[in-house]
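Below is one structure, written out as structure tokens; the observations come after it.
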Amino acid sequence: MGILMILKKNIITRKTFDEVMLPIYHPASFIPVKGLGSRIWDQEGRDYIDFASGIAVTALGHCHPDLIKIITKQSCMIWHTSNLFTNEPALRLAKKLVDTTFAERVFFANSGAEANEAAFKLSRYYSIKRFSNKKTKIIAFKQSFHGRTLFTVSVGGQKKYSNNFGPKVPDILHVNFNDLNAVQSVVDKNTCAIVVELIQGEGGVRPANFQFIKGLRDICNKYNALLIFDEVQSGMGRTGKLFAYEHYKIIPDILTTAKALGGGFPISAMLTTNKISELVEIGIHGTTYGGNPLACAIAEKVFDIVNNKNFLQKVIDKGHFFFKILYKINKKLKIFQEIRGKGLLIGAVLKPKYIIKIHDILKEVSKGVVVLSAGNKVIRFAPSLLITKEEIEEGLERFFQLTKEFISR
Ligand SMILES: *Cc1c(COP(=O)(O)O)cnc(C)c1O
């Protein structure tokens, strides 16, 4: 092989994706190679303000020094033990989660879908053991998102994710979000669980009403059903509380969290109570990687940083600051019909006239800033919780200029 051929063979470009990867994604036209805080750089050295943080995952930004320190330290100790052993980082993290939440028991996994899979299996297992074989009905909500395994797409309320994979997991009903009457009309003694996102993330950044969540709690109590909060996206400081359920002051039976928990390292957790865990037996569920010491050491550090009054107050302040600038932008551009969300999970709903152009708008602004969509008409912002006001200003200025150019064409 000539030297030129060898060089050519090793050049990795966006085109390589189209040649070797399973074509289930449509990634951006550039490849990020470096990140620092809320800024990323591509192969050509161009920089972008990151308002997506890997879909609400890198909550402390890129290459946070404390996370670099802990990953280096733990990687010199022990990475993985499997569940033949327990390990110190997992026990420390679990203790902290138990000390700061409603929960008394913790199960670790690797992704949001796996935490939810465990939650759904556990709620059926518990209901069957404790009540009856027939108590398996799960009530979920339209537009909800709970992950991509077969059980979680079956529970999720978006057919585009669950169709064409053969028979779905049965005995799951979907009703309108924020509609208690709809829940009342389908709940019965065979309902084992109601699962809800406190802010529907992928479904369009739609917050649940207080009365709705309170009503779900009452219904669950009445029918001996478990209330599951999917806080995979809303948890770990994203809304300005450690978990969003604290805004509602309503306690679930099971809570799942992932995304921000590892700050970019894959880990998830399912939290629950002794009442439910009492019926669990050794071996009914498990995972090879879940709770491994490397992931848990990193998550413990993320937890220590996020679980701080001052830190969480700043998330709320920066959320307000972000909203304020978005309103200003909208005064000039008039492209949004509503701006909603909580803390640093923000959705800007496009006016009907711009909805069909959402992908073109996203593509255009991706020249200087990374933003997300949520559903088919919402532009979603989920920046690092440590983003500075200067970075918010700079990123939104880029967003404003690029959007302005686009709509004036
Ligand atoms: C992202 C997300 C999931 C799925 O998490 P994965 O890590 O992709 O499996 C589940 N529920 C909600 C609310 C999410 O936002």
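Atoms within a ligand are numbered from 1 in the order they appear, just like the ligands themselves.
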When you compare the side chains of [X] and [Y], does any donor N or O come within less than 3.5 Å of an acceptor on the partner?
X	Y	answer
Glu397	Gln401	yes
Glu19	Thr16	no
Lys342	His247	no
Asn163	Lys168	yes

Under 3.5 Å donor-acceptor pairs involving side-chain atoms of residues 151-159, not counting sequence neighbours:
| from | atom 1 | to | atom 2 | distance (Å) |
| --- | --- | --- | --- | --- |
| Thr152 | OG1 | Gly147 | O | 3.4 |
| Thr152 | OG1 | Arg148 | N | 3.2 |
| Thr152 | OG1 | Thr149 | N | 2.9 |
| Thr152 | OG1 | Thr149 | O | 3.1 |
| Thr152 | OG1 | Thr149 | OG1 | 2.7 |
| Ser154 | OG | Leu150 | O | 2.6 |
| Ser154 | OG | Val169 | N | 3.1 |
| Gln158 | NE2 | Gln143 | O | 3.2 |
| Gln158 | NE2 | Ser144 | O | 3.4 |

Short N or O distance, Phe145 and ligand 1, threshold 3.5 Å exclusive: yes
query: Ala113 to ligand 1: N or O pair under 3.5 Å?
result: yes
Close-contact set for ligand 1 against [X] heavy atoms, below 4.0 Å:
X	result
Asn116	10 (C), 11 (N)
Asp230	10 (C), 11 (N), 12 (C), 13 (C)
Glu197	13 (C)
Ser111	7 (O), 9 (O)
Gly147	4 (C), 10 (C)
Gln233	15 (O)
Lys259	1 (C), 2 (C), 3 (C), 14 (C), 15 (O)

query: Honestly, is Lys96 close enough over Phe303, meaning NZ or CZ under 6.0 Å from the six-membered ring centre and within 45° of the axis?
result: no
field: Any protein heavy atom nearer than 4.0 Å to atom 8 (O) of ligand 1
entry: no
statement: The answer for which part of His146 has a heavy atom under 4.0 Å from ligand 1 is backbone
message: Can you tell me which portion of Thr152 lies within the under-4.0 Å heavy-atom range of ligand 1? Options are side chain, backbone, both, or neither.
response: neither
Throw together a table of side-chain donor-acceptor distances under 3.5 angstrom for residues 377-386, partners on residues two or more places apart or in other chains.
| from | atom 1 | to | atom 2 | distance (Å) |
| --- | --- | --- | --- | --- |
| Arg380 | NE | Ser373 | O | 3.3 |
| Arg380 | NH1 | Glu202 | OE2 | 3.1 |
| Arg380 | NH1 | Gln233 | OE1 | 2.7 |
| Arg380 | NH2 | Glu202 | OE1 | 3.3 |
| Arg380 | NH2 | Ser373 | O | 3.0 |
| Ser384 | OG | Ala59 | O | 3.3 |
| Ser384 | OG | Gly61 | N | 3.1 |
| Ser384 | OG | Leu386 | N | 2.9 |

- request: Enter the distance from Asp230:CG to Gln200:CD here, rounded to the nearest 0.5 Å.
  value: 10.0 Å
message: Checking a contact table here: which protein heavy atom is nearest atom 6 (P) of ligand 1, and how many Å away?
response: Gly112 N, 3.4 Å
Ring centre gap for Phe243 and Phe102 strictly below 6.0 Å: no
